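Written out below as structure tokens is the structure these notes cover.
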Amino acid sequence: MSDYLNKIYNVGVYIRLSASDDDKTMMSESITNQKSLLTQYISENNLRVYDYYIDDGFSGTNFDRPAFNRLLSDIEANKINMVITKDMSRLGRDYIGTGNLIEKYFPEHNVRYIAVTDNIDTFLDNSNNDIAPFKAIMNDMYAKDISKKIKSSLTAKMKDGKYVGGRCPFGYKNDQTDKNHLIINEEQAVIVRRIFELSLKGLTSYKIAKKLTEENVKTPALYYEFNWRSNYNKKIGQWHSKTIKDILTNRIYTGDLVQHKRMKVNYKVKKVIKVNPINQIVVENTHDAIIDKETFNEVQKRLPKNIGRNEKKEHHLLDGLLYCGDCGHRISVTPRRKKDNRCYTICNYYRTYINKNYCTTHSNNYDTLESMIIDTLKDICLKYVDNKKIKSKVINNLNENNKYLYKKEIKKLENEIQNINDNLDNIYIDKLNKKITEEQFVRVKLKLDNELKLKQKKYTDLNNNLLDTQDNESKSKLIDNYIDECLIMKKLSRELIVNLIDKIIIYDDKRIDLKVSFNIE
């Protein structure tokens, strides 16, 4: 043992501070305190410091730390033969990893380890060394407990509708008065609205990304000042289809918070897994919306029509709209053949399991199919227009009459609600002036409160009916415009097709069922 004590040691002083350490008031102060204590110990024991290794803000449950890795490299290079920490928890809070270091790694590399405040010295035979494994377990349990507390705190905030993410979603910024509340970043919100508008026009995520890149629209990454791999990206930034899809499917733009989408496997492992949508935390109307819910829902319905289109291949008007009437899966279009310049439809389920005979080809000449669908769509549009001419006067009169009645009833209810509120004020004053007893006050108030609730519910329902009537008229006018364009245009656009057609169902016996987005009856 005397040989060990008289040996010349080159000391690696390891200092670590986690961002979640409870004893931390200021990061630099805590690091300074550790360094001061260890320097004093080294001086008192006439040891020689090779270097200080400091990990500031790193968890003890993970051993992939920059300064710690440098310490191990210097051990491997025989530059140091002693490691000193304030206590074992500074070395690590994972009992398996810490135990492996103390029991195997350090002895194998002839490294003496000292934890000052725990009074542990691996080259001395004392009782503190014997309980080192138990201290490691206690440190691990502490880390686990801290992890649970942090997780519980974050979950509570999420359920309260508070935003707990690190970086704000594109289009939003932190409220200066409440860091857990989002407010609209108008400069970015303009881009978000544009992306939704382009999607409604039938553009794919790839096409939207390409368009924004060509127009030199600033990307989210440029706003967040990420590092770039090329000068081109540094100059203007390149939009990607995944970024567009993430924006189009993010419910946060409707004013709702959807959090706890991902989680770590456990407090020791960095790996992140997706959380089942059922277990995600959703709180509605927590912040101002950039996109109204109707627009957002419409985009979600149309997204399947705009995806799965290989941008390097020929584009077809009916891409994303074709479905198999027998198995329900999508039908795609094959590449155009060089020998006869034709392309055909094929059931994706059949193509995937071609040897299983789960479905059949559902093969149709695509060009013929497209012409037939366009002719059928125009016939349906003509029928719609003819029917509308017959019904227009009756429907218009009916709608106008309904709106008049709704408005009249709403005005009446407003007066009645005001009268009830006035009566509530009056009986409260009468009670204060002792004109009526407490019992009379409670009885009359209960009656007025019940009456007020009924009136307010009726008032809300009528307002909703009025809004629905106006909303239906707005939708009807939009459809009318699409139909007018359809009847005028010789060659239909992709935008018209996706707005007028919900889906096209193709059966094995060549029957075609065209589902349109408007009522022709």
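FYI, side chains are in, hydrogens and waters are out, and symmetry mates aren't considered; it's all heavy atoms of this structure. Here the structure is a predicted model, which is why all the values come from computation and not from measurement.
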Subject >> Where Arg251 and Asp256 come nearest, the two heavy atoms and their spacing >> reply: NE-OD2, 3.1 Å
Subject >> Cation over ring face, Arg112 and Tyr9, 6.0 Å, 45° >> reply: yes
Subject >> Pair Asn81, Asn110: side-chain N/O donor-acceptor within cut-off below 3.5 Å >> reply: no
Original post:
Which residue pairs satisfy the ring-ring contact (aromatic ring centres under 6.0 Å, His included) criterion with at least one member in residues 277-296, sequence neighbours excluded?
Top reply: Tyr172-His287
Original post:
Does the cation-pi check pass for Lys79 over Tyr50, that is, NZ or CZ under 6.0 Å from the six-membered ring centre and within 45° of its axis?
Top reply: no
Original post:
Any chance the side chains of Thr39 and Tyr52 put a donor and an acceptor closer than 3.5 Å?
Top reply: yes
Original post:
Closest approach of Ile501 and Leu321, non-hydrogen atoms and distance?
Top reply: O-CD2, 3.8 Å
Original post:
Does Asp55 come within less than 4.0 Å of Arg16, counting only side-chain N to carboxylate O?
Top reply: no
Original post:
Looking at side-chain heavy atoms only, is the closest gap between Thr98 and Phe63 below 4.5 Å?
Top reply: yes
Subject >> Audit row: Lys211, Glu215, salt bridge (charged side-chain N to carboxylate O under 4.0 Å, His left out) steps and yes/no >> reply: CA-CA 6 Å; Lys211 188 175 184 64; Glu215 294 175 358; 3.7 Å; yes
Subject >> Step-by-step salt bridge (charged side-chain N to carboxylate O under 4.0 Å, His left out) determination, Arg494 to Asp319 >> reply: CA-CA 9 Å; Arg494 170 74 182 174; Asp319 280 339; 5.5 Å; no
Original post:
Looking only at side chains, do Arg351 and Ser332 share a donor and an acceptor under 3.5 Å apart?
Top reply: yes
**OP:** Could you verify whether a donor N or O on one side chain and an acceptor N or O on the other, from Thr295 and Asp292, lie under 3.5 Å apart?
**Re:** yes
Subject >> Output field: ring centroids Phe106/Tyr113 closer than 6.0 Å >> reply: yes
**OP:** Please name the pair of heavy atoms, one in Tyr350 and one in Thr360, separated by the smallest distance, quoted to 0.1 Å.
**Re:** CB-O, 3.4 Å
**OP:** Using only heavy-atom distances, determine whether the side chains of Asn285 and Lys293 contain a donor-acceptor pair under 3.5 Å.
**Re:** yes
**OP:** Would you sort out whether Phe170 and Thr219 count as a side-chain contact (heavy atoms from CB on, under 4.5 Å), showing the intermediate values?
**Re:** CA-CA 9 Å; Phe170 185 68; Thr219 64; over 6 Å; no
Original post:
Using 4.0 Å as the upper bound for N to carboxylate O, is an ion pair formed by Lys173 and Glu186?
Top reply: no
**OP:** Might you point out which heavy atoms bring Gly171 and Gln188 nearest each other, and give the distance in Å?
**Re:** N-OE1, 2.7 Å
**OP:** Assert yes or no for the condition that the ring centre distance of Tyr14 to Phe68 is strictly below 6.0 Å.
**Re:** yes
Original post:
Side chains of Tyr353 and Cys359: does their closest heavy-atom pair fall under 4.5 Å?
Top reply: no
Original post:
Salt-bridged, Lys242 to Asp246, with N to O below 4.0 Å?
Top reply: yes
Subject >> Pair Glu187, Tyr223: side-chain N/O donor-acceptor within cut-off below 3.5 Å >> reply: yes
Original post:
Within a strict 4.5 Å, meaning less than it, do heavy atoms of the Pro335 and Cys343 side chains meet?
Top reply: no
**OP:** Compute whether any side-chain donor of one residue and acceptor of the other, for Ser517 and Asp502, lie under 3.5 angstrom apart.
**Re:** no
Original post:
Should Leu257 and Leu182 count as side-chain neighbours, where that means a heavy-atom distance under 4.5 Å?
Top reply: yes
Original post:
For the ring pair Tyr344 and Tyr366, is the centre-to-centre distance below 6.0 Å?
Top reply: no
